[in-house]
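Below is one structure, written out as structure tokens; comments come after it.
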Amino acid sequence: MVDLDRWLEIWSTLKANRLRTVLTALGVWWGIFMLVVMVAFGSSLRAGVSRNFAGLATNSVFVWGQRTSMPYGGLQPGRHVEYDTADIAALRRIEGIQYLAPRNQLGGFRGGFNVTYGTKTGNFGVMADYPEVQYVQTPLVLAGRFLDDGDLDERRKVAIIGKGVYEQLYAPGAEAIGTYIKISGVYFQVIGVTGSLRTGGEGDRDLNMITIPFTTFQQAFHAGDRVGWFAIVAKPEYGAAKIEAEVRRVLAERHKIAPDDDQAIGSFNAEKEFGKIQTVFWAIDIVLWIVGVMTLLAGMIGVSNIMLISVKERTKEIGLRKALGATPWSIVAMIVSETVALTTVAGYLGVVGGVAAVEGLGWLIAHMPDSPLGPPQIGLSTAWQATGLLVVAGLIAGLMPAAHAASIQPVEALRAE
Amino acid sequence: MVRLDKINKYYRVGAHSLHVLRDVDLEIEPGEMVSIMGASGSGKSTLLNVLGILDGYERGEYWLDGTLMRDLNERKAAHYRNKFLGFVFQSFNLLPFKTAAENVALPLYYQKVPRRKRNRIAMQYLERVGLLDWAEHLPSEMSGGQKQRVAIARALIGKPRLILADEPTGALDSETSHQIMDLLTEIHQTGITMIVVTHEHDVAARTQRVIHLKDGRVEADP
Ligand SMILES: Nc1ncnc2c1ncn2[C@@H]1O[C@H](COP(=O)(O)OP(=O)(O)OP(=O)(O)O)[C@@H](O)[C@H]1O
Ligand SMILES: [Mg+2]
């Protein structure tokens with residue numbers, strides 16, 4: 001196949017049939033272009049969805065309190081369900097929980113808290129956490145350290161600040177570790193600076209968050225026994241769904257909630273969500289696969305058709321070549337090589353065009369705030385695979401026209417005036 | 001060189017078959033120059049195609065240089081056409097998208113001769129037919145006589161033992177016909193056996209022997 005002579009021969013025939021060459025090439029080009037763009041779009045969608053979950057343990061469960069919707073044990077519906085430290089002890093007894101991280105947020109979910117450092121002030125969310133929370137959502141520690149058990153046990157007034165907090169309160173390059181910030185009038189020593197594995201809105205929230213020990217929070221801000229919600233990692237052998245149900249059962253019992261009152265306790269099971277997302281990814285892959293195969297098939301049929309027409313147009317030429325000593329095999333090789341050359345070159349240009357389009361798309365997405373899409377990706381290996389696929393496709397597409405060409409009888413061909 | 005023994009050939013036309021060659025017996029010695037004449041439809045081209053292994057036959061035996069040409073597979077047929085035979089057609093049959101030199105070199109491509117060598121040899125043969133200056137021209141830029149010269153150079157390049165020409169002057173004026181016949185005669189004198197199908201008596205007169213065909217039968221073969 002690496003016979004320069006044969007390629008020159010192919011080049012001369014392709015050049016001689018310019019219109020058909022261009023038409024065929026265009027069909028293949030478009031098919032591969034679309035395929036590349038679609039695969040990249042799929043990866044973009046995937047990346048966009050995935051980054052909201054980056055660093056989250058797949059078998060994590062979140063449980064929070066809502067309002068009862070049913071009367072139970074003499075209590076009226078509409079009661080707020082609130083947890084306290086006694087619940088922590090009760091949940092610790094559940095066998096299948098690997099990590100339990102009770103959490104509180106200062107100023108509720110929306111509102112922030114007044115934080116000052118030197119002369120600068122800002123408004124940030126404050127999380128009261130146990131060190132175990134790092135097994136639920138992996139923190140990205142940029143400087144210093146994360147919480148440890150000592151911080152909790154001794155109720156140290158220490159804080160881990162997000163990168164956004166640092167940028168707003170500190171001069172660029174200033175050392176933050178060891179300095180003191182004032183949160184709602186109480187001084188905390190900064191022991192760590194964190195970034196976020198997540199991007200987009202979730203990531204921004206992480207960056208503008210301050211984390212302090214749960215126990216310190218209770219004491220310093222007179223929060224009493226209150227626990228906002230629980231973040232839990234299930235032991236792998238138990239599974240998140242089972243632990244979710246068990247935690248709900250225990251809490252319902254402790255807070256006099258009707259066993260069938262689904263409204264009273266809110267919970268989120270990451271395992272289930274991951275499963276759903278996996279299904280979506282799977283569906284995207286299937287669709288891409290089907291569309292890809294269809295595009296390729298359409299391209300192949302197009303090429304095959306045009307080559308067949310071309311072979312019929314070239315009956316005389318092929319007959320003459322045979323009269324001059326061309327073997328059937330050399331005719332088959334000629335037509336198949338032409339087809340492969342055409343599909344491969346056109347397809348390769350399609351890959352190049354597609355990658356260029358994907359780059360453009362990536363630039364747009366990167367410059368679009370809060371885009372639900374991630375950076376689209378089309379690996380070099382995908383391009384190579386596509387090229388390999390094209391060679392095979394060209395081969396198959398060329399077989400029928402080639403067989404027809406090889407069956408042309410020189411007399412028949414030369415008679416046609 | 002060539003021996004035909006009771007060759008019969010039929011063409012299937014719809015439901016019935018047409019008996020085109022009837023018990024054709026023919027012997028052509030090496031180095032002979034023979035012409036085949038006969039009315040239109042008498043089977044001249046058919047006979048030539050059988051001789052050129054471009055077409056098969058139903059009954060009889062065709063011996064080419066001592067080998068029986070019968071039920072050849074396509075590869076063998078291609079081999080004989082390539083190494084043994086040269087063709088010249090009435091309508092030249094040059095590839096329109098190839099230059100004169102490339103057209104001449106084509107049989108060598110199928111002998112797997114490297115391109116450079118092929119082109120060099122093609123130039124020698126173009127020189128021999130007096131068209132060296134036209135090597136890079138396309139057939140569409142040439143006259144009928146020039147095209148036929150290119151075709152003759154192409155027929156010669158494979159060093160054939162037998163050249164088969166089907167009305168080589170049929171599309172040319174008498175002056176040009178004369179020049180082409182001069183060229184063919186000259187080639188014959190180098191020792192190549194030649195069979196020329198023609199309608200023209202002055203063409204036939206320049207060959208050593210005339211074979212007359214009538215309704216698929218050889219009429220006079222002294
Ligand atoms: N492929 C074919 N199918 C059916 N009949 C054919 C075919 N080729 C030739 N014939 C018939 O066979 C007969 C001989 O044809 P052939 O071409 O050999 O004649 P020819 O002597 O060369 O005539 P011309 O001088 O017109 O070229 C004719 O009657 C022709 O119609
Ligand atoms: Mg004829």
Side-chain angles (χ1 to χ4, degrees), chain A residues 1-22 307 310-338 341-342 402-417, chain B residues 9 11 45-46 48-50 52-57 72-99 102-119 138 151 154-155 157-158 160 164 166 170-171:
Chain A
M1 287 300 266
V2 271
D3 182 355
L4 173 70
D5 226 39
R6 188 194 292 171
W7 293 113
L8 287 171
E9 190 66 21
I10 290 164
W11 174 239
S12 85
T13 42
L14 288 180
K15 229 172 42 182
N17 302 276
R18 223 162 273 173
L19 183 65
R20 117 164 121 81
T21 303
V22 169
M307 285 307 288
S310 137
V311 162
K312 285 186 175 149
E313 274 174 0
R314 288 160 64 194
T315 298
K316 211 177 157 93
E317 175 197 329
I318 291 161
L320 176 77
R321 285 177 184 272
K322 280 192 150 185
L324 297 181
T327 56
W329 163 244
S330 76
I331 298 290
V332 167
M334 175 175 84
I335 301 297
V336 169
S337 309
E338 276 179 32
L342 208 58
H404 181 86
S407 74
I408 288 173
Q409 290 303 307
V411 250
E412 308 283 337
L414 296 175
R415 188 174 20 243
E417 287 296 288
Chain B
K9 177 162 182 65
Y11 276 126
S45 295
T46 307
L48 207 69
N49 288 340
V50 168
I53 335 171
L54 298 174
D55 213 344
Y57 53 93
L72 293 178
N73 66 30
E74 287 236 33
R75 252 190 61 215
K76 280 235 177 68
H79 175 80
Y80 281 113
R81 287 175 206 142
N82 190 246
K83 297 272 174 139
F84 219 94
L85 303 168
F87 295 95
V88 179
F89 307 93
Q90 178 178 356
S91 53
F92 322 127
N93 280 324
L94 300 176
L95 293 186
F97 54 90
K98 285 182 177 289
T99 63
E102 287 167 344
N103 266 291
V104 172
L106 201 55
L108 295 186
Y109 173 76
Y110 291 111
Q111 284 180 19
K112 309 224 178 331
V113 175
R115 191 167 51 99
R116 218 163 277 198
K117 187 174 173 200
R118 208 162 73 209
N119 288 344
L138 291 175
R154 181 181 63 189
I157 201 167
L164 302 167
D166 194 352

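Lettering of chains follows the sequences in order, A, B, ..., and the numbering in each one begins at 1.
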Open item on the list: Among A:Pro410, A:Ser330, A:Ala406, A:Ala326, which residue has the highest count of heavy-atom pairs closer than 4.5 Å to chain B?
Closed with: A:Ala326
Open item on the list: Closer than 4.0 angstrom, basic N to acidic O: yes or no for A:Glu338 and A:Arg314?
Closed with: yes
Task: Contact winner vs chain A - B:Asn49, B:Ile53, B:Asp166, B:Leu95, heavy-atom pairs under 4.5 Å - done: B:Leu95
Open item on the list: Evaluate A:Thr21 against A:Lys15 for side chain to side chain contact (heavy atoms under 4.5 Å, CB included), listing each step before the verdict.
Closed with: CA-CA 8 Å; A:Thr21 303; A:Lys15 229 172 42 182; over 6 Å; no
Task: Part of B:Lys98 within contact of chain A (heavy atom distance under 4.5 Å) - done: side chain
Open item on the list: Over 60° means perpendicular and under 30° means parallel, so tell me whether B:Phe84 and B:Tyr80 are parallel, tilted or perpendicular.
Closed with: perpendicular
- [ ] Assess the side chains of A:Arg321 and B:Tyr110: does a donor N or O sit below 3.5 Å from an acceptor N or O?
- [x] yes
TODO: Would you mind checking which part of A:Gln409 comes under 4.5 Å of any heavy atom in chain B, side chain (CB onward), backbone (N, CA, C, O), both or neither?
DONE: side chain
